[in-house]
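For reference, the structure discussed in these notes is given below.
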Amino acid sequence: MATDGFTTCLWFDGQAEDAAHFYVSVFKNSSVGKIARYPEGAMQPAGSVMTVEFTANGHKFLGLNGGPQFKFTEATSFMLFCENQEEIDYYWTKLTENGGEPGPCGWLKDRFGVSWQVVPDRLDAMVTDPDPVKAARVTKAFMAMHKFDIAALERAYAGE
């Protein structure tokens, strides 16, 4: 049984190394590790990047250049729980730059097609509040947002 957690493998179509460097530039506690290249006679051109190991925000990843067969979908996303509006703004800006796409309710896609949820860490407590009226106000407020606005969520929670 694995004792050191797990590694997330992300399938790219020739962009694994670019993606690794991008994620390392966005997140703290990040680095690029080993890079393996395709040998002669493989499914991709000899010498091109096959895999790249990287760590982003302390989480281990393997970027695989497997080809165009598979694409990312919203069925899998990474959640970034943010302490304040400054963090939300930072990740939203960084992850949507150069071809990323904003989406509803705090969701976005980065330029590689990977889906992210940039969420205030307090949101869960608000939407699970024992007072259903408070929870409903917050839910209604965030359903109308793209990038989350913590101050607006707090106002909705307070009934203002």
Is there a path of hydrophobic side-chain contacts, each under 4.5 Å between heavy atoms, that joins [X] and [Y]?
{"X": "Ile150", "Y": "Met143", "result": "yes"}
{"X": "Phe70", "Y": "Val52", "result": "no"}
{"X": "Phe81", "Y": "Trp107", "result": "no"}
{"X": "Leu62", "Y": "Ile35", "result": "no"}

TODO: Measure centre to centre between the rings of Phe78 and Phe61, then say whether the value is under 6.0 Å.
DONE: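 Centroid separation for Phe78 and Phe61: below 6.0 Å.
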
- [ ] Assess the pair Phe6 and His59: is the distance between their ring centroids shorter than 6.0 Å?
- [x]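 Between Phe6 and His59, the centre distance is under 6.0 Å.
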
Counting only heavy atoms from other residues, nucleotides and ligands, does the tally under 6.0 Å from [atom1] of [X] exceed 12?
{"X": "Glu97", "atom1": "CD", "result": "yes"}
{"X": "Gln69", "atom1": "CD", "result": "yes"}
{"X": "Met43", "atom1": "CE", "result": "yes"}
{"X": "Lys147", "atom1": "NZ", "result": "yes"}

Are the side chain of [X] and the backbone of [Y] linked by a donor-acceptor contact shorter than 3.5 Å?
{"X": "Ser48", "Y": "Pro45", "value": "yes"}
{"X": "Ser30", "Y": "Lys28", "value": "yes"}
{"X": "Asn65", "Y": "Thr51", "value": "no"}
{"X": "Tyr157", "Y": "Ala152", "value": "no"}

Taking distance alone, no hydrogens or angles, what donor-acceptor pairs closer than 3.5 Å link side-chain atoms of residues 108-119 to residues at least two apart or in another chain?
| from | atom 1 | to | atom 2 | distance (Å) |
| --- | --- | --- | --- | --- |
| Lys109 | NZ | Glu74 | OE2 | 3.0 |
| Asp110 | OD1 | Phe112 | N | 2.8 |
| Asp110 | OD1 | Gly113 | N | 3.1 |
| Asp110 | OD1 | Val114 | N | 3.2 |
| Asp110 | OD2 | Tyr23 | OH | 2.5 |
| Asp110 | OD2 | Trp116 | NE1 | 2.9 |
| Gln117 | NE2 | Ser77 | OG | 2.8 |

- [ ] Apply salt bridge (charged side-chain N to carboxylate O under 4.0 Å, His left out) to Arg122 and list each qualifying residue two or more places apart in sequence or on a separate chain.
- [x]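 Listed in chain order: Glu154.
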
Do [X] and [Y] have side chains that get closer than 4.5 Å, going by heavy atoms?
{"X": "Asp129", "Y": "Met126", "value": "no"}
{"X": "Leu153", "Y": "Pro120", "value": "yes"}
{"X": "Met50", "Y": "Arg37", "value": "no"}
{"X": "Phe22", "Y": "Asn98", "value": "no"}
{"X": "Met145", "Y": "Cys105", "value": "no"}
{"X": "Asp149", "Y": "Ile88", "value": "no"}
{"X": "Leu64", "Y": "Phe12", "value": "no"}

Roughly how far, to the nearest 0.5 Å, is [atom2] of [Y] from [atom1] of [X]?
{"X": "Leu123", "Y": "Met79", "atom1": "CG", "atom2": "CE", "answer": "8.0 Å"}
{"X": "Glu53", "Y": "Ser31", "atom1": "CD", "atom2": "OG", "answer": "10.0 Å"}
{"X": "Asp13", "Y": "Gln44", "atom1": "CG", "atom2": "CD", "answer": "7.0 Å"}
{"X": "Arg137", "Y": "Arg155", "atom1": "CZ", "atom2": "CZ", "answer": "13.0 Å"}
{"X": "Glu101", "Y": "Leu95", "atom1": "CD", "atom2": "CG", "answer": "13.0 Å"}

For the residue pair [X] and [Y], what are the closest heavy atoms and their distance?
{"X": "Glu40", "Y": "Ala46", "answer": "OE2-CB, 3.3 Å"}
{"X": "Ala156", "Y": "Ala141", "answer": "CB-CB, 3.8 Å"}
{"X": "Gly103", "Y": "Trp92", "answer": "O-CH2, 3.8 Å"}
{"X": "Glu87", "Y": "Asn84", "answer": "N-OD1, 2.9 Å"}
{"X": "Phe27", "Y": "Asn57", "answer": "CB-N, 3.7 Å"}
{"X": "Tyr38", "Y": "Gly66", "answer": "OH-CA, 4.3 Å"}

Task: Single hit among Thr55, Val32, Asn29 for side chain to side chain contact (heavy atoms under 4.5 Å, CB included) with Val24 - done: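 Result: among Thr55, Val32, Asn29, Val32 is the only option passing the side chain to side chain contact (heavy atoms under 4.5 Å, CB included) with Val24.
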
